[in-house]
There are 2 protein chains.
Amino acid sequence: MHGIEIAVSTVIFALRHDPRADCTALWMPLVRRVREPYEGSWALPGGPVRPDEDLTDTARRTLVETTALSPTYLEQLYTFGHVDRAPRPVPGPRVISVVYWALVRPEEAERGIEDENVAWHAADHPPELAFDHATIVEYALWRLRTKMEYSRIAQAFLGETFTLAQLRQVYEVVLQRTLDPANFRRQVESSGGVEPTGEHLVGGRHRPPMLYRHRAASDLADNGPLTRL
Amino acid sequence: MHGIEIAVSTVIFALRHDPRADCTALWMPLVRRVREPYEGSWALPGGPVRPDEDLTDTARRTLVETTALSPTYLEQLYTFGHVDRAPRPVPGPRVISVVYWALVRPEEAERGIEDENVAWHAADHPPELAFDHATIVEYALWRLRTKMEYSRIAQAFLGETFTLAQLRQVYEVVLQRTLDPANFRRQVESSGGVEPTGEHLVGGRHRPPMLYRHRAASDLADNGPLTRL
DNA sequence: TAAATAGTGTCTTTAAGACACTATGGA
DNA sequence: TCCATAGTGTCTTAAAGACACTATTTA
């Protein structure tokens with residue numbers, strides 16, 4: 001008897017601009033499986049937990065090893081442990097996956113590895129995925145969209161400073177609907193999550209917008225008592 | 001090397017009436033540890049996952065085995081896997097706990113086992129707990145209170161039929177604040193989560209209130225795409 | 001000066017909350 | 001008849017959304 005093996009997988013989201021369609025959308029990196037089962041299929045990056053490694057450390061390590069990405073936001077999503085997650089009969093032990101989800105900034109996403117076995121895909125229309133990873137991606141998307149409504153995680157998609165138009169675009173792309181610029185501005189300003197830097201963005205084609213930064217005091221995520229972990 | 005062991009624990013909440021203080025509060029059953037580490041301390045009910053058992057099945061099975069309780073609501077909470085969850089050095093392998101949280105009805109809670117090694121405790125003032133179980137209980141309480149605000153899980157604390165005053169009491173006890181009966185009634189009625197049975201509660205000391213039931217169509221929890229699992 | 005985005009003002013709608021009021025049973 | 005609770009009506013406040021308006025830059 002092999003017992004149960006425990007692994008960590010991560011769904012990573014980034015906003016990427018597609019020059020061909022001239023639109024920005026949610027993308028995620030996937031890795032190609034190089035052995036059975038599901039050899040050749042795309043799957044979430046991840047790997048087994050080492051004996052002396054915290055679960056978040058496994059998530060970060062496997063992310064760097066397979067995609068070279070360092071996320072600005074990382075949170076546990078759900079643990080998937082159904083007995084029939086892998087088609088049976090299957091060689092090897094049953095695997096339980098602790099799944100994390102992560103957000104990376106566009107510049108970071110550009111630096112990520114991209115080759116035959118690691119590639120970005122549209123999060124809303126993923127290719128055929130190994131195991132139960134399609135379900136996992138769907139759930140991660142739902143969590144992202146739900147959490148956008150009541151927290152400040154949108155800021156994790158952006159760099160140190162940003163304009164309100166950029167922040168609004170994050171919401172518009174993720175939630176897939178347009179937002180009124182005037183009302184959006186008022187909401188964000190009164191929420192206290194951002195503060196003006198005093199600088200303006202230069203080089204644009206129109207009136208230079210104010211640059212804002214995250215307010216350090218405010219927590220992005222609202223995970224209650226788990227913030228410390 | 002032993003590898004990693006995987007276990008399931010569950011935080012179970014019920015509303016119990018304390019006759020001495022004449023007040024209703026949130027209680028949870030705990031089990032006493034009968035071996036090291038933490039021998040004699042109180043801990044959450046649970047146990048190891050069997051090789052061919054789904055995680056929710058482990059939760060239900062260990063609940064019945066240790067407390068004889070069958071919950072009306074059961075949902076995964078979080079997976080705790082810190083390397084130092086148990087004080088080191090410690091005999092035996094590292095344990096990762098997939099934690100669930102559950103709600104049971106008062107009648108069901110009455111039927112539960114209660115002896116020297118299984119007892120109910122006030123959820124807000126638990127005794128000294130083994131491992132990281134104090135953190136876990138705190139997080140479960142936070143999730144319960146957060147979820148009360150935007151879902152219908154309160155109904156999982158009640159039986160088939162109930163009055164709006166009973167439903168309101170669930171909110172008041174869990175959220176620890178009083179609610180306006182008039183506004184509460186309007187909110188619940190317009191939410192579409194309940195429907196009147198046409199019957200009235202008899203035997204009370206005052207005007208007999210209408211009895212309501214849950215509307216089958218409406219989902220209690222709002223877990224997005226994970227409702228199926 | 002035209003175009004485009006930055007940013008402001010204000011009205012409408014909606015929901016939450018406070019609170020006075022009527023209704024109906026039991027003691 | 002009194003009291004406690006069931007249940008209704010209505011006013012105030014706050015937030016969300018629609019949308020017209022002014023401001024400032026580049027081309």
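Just so it is clear: chains get the letters A, B, ... in the order the sequence lines come, proteins before strands, and each one is counted from 1.
- In this structure, A:R185 places its CZ atom 18 Å from P of D:dA18, rounding to the nearest Å.
- A search for salt bridge (Lys or Arg N to Asp or Glu O under 4.0 Å) contacts involving A:R186 returns nothing, not counting sequence neighbours.
- Residues satisfying the side-chain contact (heavy atoms from CB on, under 4.5 Å) test with A:E75, not counting sequence neighbours, are A:Y73, A:W101, A:R143, A:K147, A:N223.
- Under the ring-ring contact (aromatic ring centres under 6.0 Å, His included) criterion, B:W42 pairs with B:H121, not counting sequence neighbours.
- Residues meeting the side-chain contact (heavy atoms from CB on, under 4.5 Å) test with B:D22, sequence neighbours left out: B:H17.
- Residues satisfying the salt bridge (Lys or Arg N to Asp or Glu O under 4.0 Å) criterion with A:D222, sequence neighbours excluded, are absent altogether.
- Under the ring-ring contact (aromatic ring centres under 6.0 Å, His included) criterion, the residue pairs touching residues 183-209 of chain B are B:Y171-B:F184, with sequence neighbours excluded.
- The distance between atom CD of A:Q166 and atom C1' of C:dA6, rounded to the nearest whole Å, is 13 Å.
- Taking atom CD on A:Q169 and atom P on C:dT5, their separation rounds to 12 Å, with Å as the unit.
- Of the residues in residues 204-213 of chain A, A:G204, A:R205, A:H206, A:R207, A:P208 come within less than 4.0 Å of DNA chain D through at least one heavy atom, sorted by number.
- Distance A:H200 NE2 to D:dT25 P: 8 Å, rounded to the nearest Å.
- Between A:T161 and A:T197, the side chains place no donor N or O within less than 3.5 Å of an acceptor N or O (distance only, hydrogens not considered).
- For residues 136-156 of chain B, the pairs satisfying ring-ring contact (aromatic ring centres under 6.0 Å, His included) are B:Y78-B:Y139, B:Y139-B:W142, with sequence neighbours left out.
- Between the CZ atom of A:F162 and the C1' atom of C:dA6 there is a distance of 16 Å, rounded to whole Å.
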- Item | Protein-to-nucleotide contact annotation, 5' to 3' order, nucleotides 9-17 of chain C [B base; S sugar-phosphate only; - none; under 4.0 Å, heavy atom] | BB-----SB
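- Residue A:F184 contributes atom CZ, which lies 17 Å from atom P of C:dT5 at whole-angstrom precision.
- The distance from atom CG of A:L201 to atom P of C:dT5 is 14 Å, rounded to the nearest whole Å.
- For B:R152, the side-chain contact (heavy atoms from CB on, under 4.5 Å) test picks out B:Q155, B:S191, B:S218, B:L220, with sequence neighbours left out.
- Remark: A:D18 engages A:R20 in a salt bridge (Lys or Arg N to Asp or Glu O under 4.0 Å) (not counting sequence neighbours).
- Distance A:L164 CG to C:dT5 C1': 13 Å, rounded to the nearest Å.
- Salt bridge status for A:E195 with A:R213: present, with a side-chain N to carboxylate O gap under 4.0 Å.
- If you check residues 143-160 of chain B against DNA chain D, you find no residue with a heavy atom closer than 4.0 Å.
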